[in-house]
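Quick notes on the structure that follows.
Hydrogens, waters and symmetry mates are skipped; everything else that's a heavy atom, side chains included, is used. Naming convention: chains lettered A, B, ... in sequence-line order (proteins, then strands); numbering from 1 in each chain. These numbers come from a predicted model, not from an experiment.
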Number of protein chains: 2
Amino acid sequence: MKLTESREKFINAWGTLGTSWGINRTMAQVHALLLISADALTTEEIMEELNISRGNTNMNVRTLIDWGLVQKELRAGERKEYFVAEKDIYKVFKQIAKERRKRELEPIFKVLDEVKKVDGDKRDKNIKAFVDTIEQIERFTTKADRTLETLIKADENWLMGSFMKLMK
Amino acid sequence: MKLTESREKFINAWGTLGTSWGINRTMAQVHALLLISADALTTEEIMEELNISRGNTNMNVRTLIDWGLVQKELRAGERKEYFVAEKDIYKVFKQIAKERRKRELEPIFKVLDEVKKVDGDKRDKNIKAFVDTIEQIERFTTKADRTLETLIKADENWLMGSFMKLMK
DNA sequence: ATAAACTTTCAGAAAGTTTTGAAAGTTCGG
DNA sequence: CCGAACTTTCAAAACTTTCTGAAAGTTTAT
């Protein structure tokens, strides 16, 4: 398979994967493109490679920068901005985990906390079913969250070490 | 806060969370409703509680059954089907992980495998950047996948034990 | 065999999300 | 301060996904 074809295939696959993880297709594709490019790219180059508009490119590159997955690179004597992706895949997953934790897990914790203060007799089976479920979810997610936090803070070797241990 | 209000709040939060994880909002809401209900519910009851159509209810309940998160419950002498959710939250997350692994990780492995067989001189920096990235992703995802598989197969206590260890 | 009680399907409508592209904004050298 | 080179914004359009509800299908009792 030719490089061009392989690249295209990978970019598409990454875009599809992104979609089912709640990340928009184009954002995932821009990320994939930058990941596999040896050099930093300009807006113009991204537009051309992916056949997308300037506005779309700008918006998605900006989001990737917000997520800490892409950085601007300035070149002496040039006006244009160049973009490079973080190439270390561990860092990439760590960043994503961090971002999503903030955007998704934190709000749910807030709701769980609020919602479990339901009033009424705990012997009522409907109240009991509700409270029990909420508490179980809270216990589980708190544990999962702490684990995630540990992983996020940990350095790469530690991360690998933990995975290794888990795998026995 | 009244039970009705709490329930509604939780159902909505769960629905929103689902959305950002690529699970459709209604499916997540039906799941939430069944999770917090003391008794099994009929299609009719789900329709009424969530204000959704018969077709929509049927489709989403069916998908939840496919995912192994909900079961049919038949009652002697009754024609209607009753639905109950798996209440053990560990099992719920395990099932979801299993499902998504099959639908999302497996296809990406296939692509990575295909795509890394790119032809051309490995000293070309573009080919090198591409192949290096693909290999890194493959190594990482394979490890993550094995860990996931181990977790899926493991029983609940083992799962908790592992989490505990990770948390130190 | 029929009818009642249910469940499933599916085409079109509605809702939600993403993309475009032109216009507005910014920055910098001279 | 001007104009060229770029970046950002945003309303409208295109696309995607989800939902509705009526019709078709299935099952069971008699």
Using a 4.5 Å cut-off on heavy atoms from C-beta on, say whether the side chain of Q95(A) contacts that of Y90(A).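 Heavy-atom side-chain distance check fails, nothing below 4.5 Å.
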Are side-chain heavy atoms of E114(B) and K9(A) found at a separation under 4.5 Å?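 A side-chain contact under 4.5 Å exists here.
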I want to confirm an ordering. Mapping N51(A) and R79(A) to their closest nucleotides on DNA chain C, which one lands closer to the 5' end?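 Final value for this comparison: N51(A).
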Which atoms form the tightest heavy-atom contact between L35(A) and E86(A), and what is the distance?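 So the minimum-distance heavy-atom pair works out to CD2-O, 3.5 Å.
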Nearest whole angstrom, please: distance from the [atom2] of [N] to the [atom1] of [X].
X      : N       : atom1 : atom2 : answer
N60(B) : dT20(D) : CG    : P     : 10 Å
M27(B) : dT17(D) : CE    : P     : 16 Å
I46(A) : dT19(C) : CD1   : P     : 14 Å
R75(A) : dC6(D)  : CZ    : P     : 13 Å
M59(A) : dT7(D)  : CE    : C1'   : 15 Å
K72(A) : dT26(C) : NZ    : P     : 14 Å
K80(A) : dT27(C) : NZ    : P     : 19 Å
N24(A) : dC15(D) : CG    : P     : 16 Å

OP1 or OP2 of dC19(D) sitting under 4.0 Å from any side-chain N/O of T26(B)?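 Answer yes for this pair, as a side-chain N or O of T26(B) is under 4.0 Å from OP1 or OP2.
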Does E78(A) or R25(A) map to a spot on DNA chain D nearer the 5' end, using the closest nucleotide for each?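 Its nearest nucleotide being more 5', the pick is E78(A).
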Could you tell me whether [X] contacts a base, only the sugar-phosphate backbone, or nothing, with contacts defined as non-hydrogen atoms closer than 4.0 Å?
X      : answer
N56(A) : base
R54(B) : base
N58(B) : base

Just do the salt bridge (Lys or Arg N to Asp or Glu O under 4.0 Å) check on K102(B) and E106(B) with the steps written out, would you? CA-CA 6 Å; K102(B) 191 172 76 204; E106(B) 280 177 12; over 6 Å; no
Going by atom types only, do T42(B) and E45(B) share a side-chain donor-acceptor pair under 3.5 Å?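 Result is yes, a qualifying pair exists.
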